[in-house]
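Remember, predicted model here, so these are calculated numbers, not experimental data. All ligand and atom numbering here is 1-based and tracks the order in the structure.
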Amino acid sequence: MPDDSLADFVRRLPKAELHLHIEGTLEPELMFALARRNGLSTPYPTVEALRAAYAFSRLQDFLDIYYQGAAVLLTRADFHDLAIAYFRRLAADGGVHAEIFFDPQTHTYRGVPMAEAVEGLLSAMDEAKATLGVTSGLILSFLRHLDEADAFATLEQARPWLSRLTGVGLDSSELGHPPAKFARVLAAARDLGLKVMVHAGEEGPPAYVWEAVDLIAVDRIDHGNRALEDPALVRRLVADGTTLTVCPLSNLKLCVVPDLAAHPLKRMLDLGLAVTVNSDDPAYFGGYLLENYVQTAQALDLTRGEIARLARNSFSGSFLPDADKARWLAAVDAAAGELT
Ligand code: ADE
Ligand code: ZN
């Protein structure tokens with residue numbers, strides 16, 4: 001049974017979302033509307049048939065459908081409409097800040113100019129701030145199944161918008177594509193003043209997380225679940241205070257965990273890791289930020305104090321200026337204090 005008081009508690013806690021692929025917020029209804037607007041066909045005849053295809057047994061099953069779905073995004077209006085719909089949902093969940101990934105190569109490969117994606121997303125980010133009070137950052141994520149030269153070319157194409165980018169990331173098919181493959185382009189991005197993060201330890205082994213830490217010197221790790229297999233790695237992540245952006249419903253849908261009760265989030269908290277809760281690709285995984293908090297809290301029997309800690313970690317691990325972090329941390333404490 002849904003626990004309304006738990007949902008109310010979570011909704012009233014200010015929260016930041018740090019691991020969200022904007023292309024992964026493309027709801028089937030919007031996918032069909034954009035296909036119509038752009039005169040494109042869809043790979044499935046109906047919304048219901050499309051949703052029925054969202055049964056994944058590994059990351060690659062999902063990625064194949066996710067890249068196919070993104071093909072309806074052509075114009076800056078499309079990217080704007082996609083992003084503003086996400087920000088509205090985030091605000092309804094009590095989210096106040098988001099650092100969102102976009103995958104430019106998914107679009108430039110189809111002949112969509114980078115400007116269409118970036119300008120559309122930036123306009124939605126500006127609108128979200130003005131109309132919802134939601135702040136945000138934009139993270140350019142390289143596709144790791146492509147090669148290093150392609151990533152360098154993508155970074156070059158992004159030059160006109162460098163001042164509006166928060167950082168760079170690394171996503172797509174993890175196994176066989178370790179962070180080391182992109183060490184030079186990620187270092188080049190850092191030299192341009194960008195934050196650096198990589199997906200590691202979602203399906204890939206602890207060795208990929210070690211590379212992220214030692215070789216890339218990441219500012220954050222996306223997922224990081226498999227770090228738990230290596231106690232020395234856990235000690236290192238705790239000592240460094242590295243934020244892990246964990247995505248419970250994503251892990252469930254992609255069979256990284258067999259059920260939410262087996263999710264390592266509570267263990268991660270107990271070990272002293274700086275974990276956060278995020279939705280990853282909510283249109284595909286069955287829940288936005290609030291659902292991720294609520295379902296995980298229920299499955300793992302998290303205390304209100306632990307839930308508030310997750311919200312605190314979301315601001316500590318963000319790339320917000322220190323003054324904003326301090327303000328939001330105080331707001332989390334105030335909200336948690338009033339609600340418990
Ligand atoms: N791209 C979008 N979602 C992703 C995920 N969970 N892992 C890797 N690449 C992704
Ligand atoms: Zn992700």
*Heavy-atom count around R327 CZ within 6.0 Å, excluding the residue itself: above 12?*
yes

_Atoms in ligand 1 with a heavy atom of F62 nearer than 4.0 Å_ = 2 (C), 3 (N)

*So, R89 and E17, do they make that salt bridge, N to O below 4.0 Å?*
no

*Is D301 salt-bridged to K266, cutoff N-O under 4.0 Å?*
no

*If you measure from the Lys or Arg side-chain nitrogens to the Asp or Glu carboxylate oxygens, is any gap between E127 and R88 under 4.0 Å?*
yes

_Counting backbone and side-chain atoms alike, is an N, O or S atom of H199 positioned under 2.8 Å from the Zn ion (ligand 2)?_
yes

_Regarding C247, does it place an N, O or S atom less than 2.8 Å from the Zn ion (ligand 2)?_
no

_Taking distance alone, with N or O pairs closer than 3.5 Å, would you say Y67 contacts ligand 1?_
no

*Side chain, backbone, both or neither: which part of L59 has a heavy atom under 4.0 Å from ligand 1?*
side chain

*What's the atom name of the N, O or S in H21 nearest to the Zn ion (ligand 2)?*
NE2

*asked:* I want to check a possible cation-pi pair here: R220 against F319, using under 6.0 Å from ring centre and within 45° of the ring axis as the test.
replied: yes

*Less than 3.5 Å between some nitrogen or oxygen of S172 and one of ligand 1, yes or no?*
yes

*First locate atom CZ of F56, then atom OH of Y284, and finally report the distance between them rounded to the nearest 0.5 Å.*
7.5 Å

*Compute the minimum heavy-atom distance from L63 to ligand 1 and say whether it is under 4.0 Å.*
yes

*Flag the pair R58 and E203 as a salt bridge only when some basic side-chain nitrogen lies within less than 4.0 angstrom of an acidic carboxylate oxygen.*
no

*Does Y66 have a heavy atom less than 4.0 Å from any atom of ligand 1?*
yes

_Carboxylate-amine/guanidinium proximity below 4.0 Å for D214 and R236_ = yes

*asked:* Any carboxylate oxygen within less than 4.0 angstrom of a Lys/Arg side-chain nitrogen, looking at K129 and D126?
replied: no

_Just to confirm my output: which protein heavy-atom neighbour is closest to atom 6 (N) of ligand 1, and how far is it?_
D280 OD2, 2.7 Å

*With a 4.0 Å cut-off on heavy atoms, does H223 reach ligand 1?*
yes

*In terms of atom number and element, which parts of ligand 1 are under 4.0 angstrom from non-hydrogen atoms of E202?*
5 (C), 6 (N), 7 (N), 8 (C)

_Taking N, O or S atoms only and a limit of 2.8 Å, check whether D281 reaches the Zn ion (ligand 2)._
no

*asked:* If you consider just the N/O/S atoms, which atom of D280 is the closest one to the Zn ion (ligand 2)?
replied: OD1

*Is it true that R11 and D8 make a salt bridge, defined as a side-chain N closer than 4.0 Å to a carboxylate O?*
yes

*Backbone or side chain, does any N or O of D281 fall under 3.5 Å from an N or O of ligand 1?*
yes

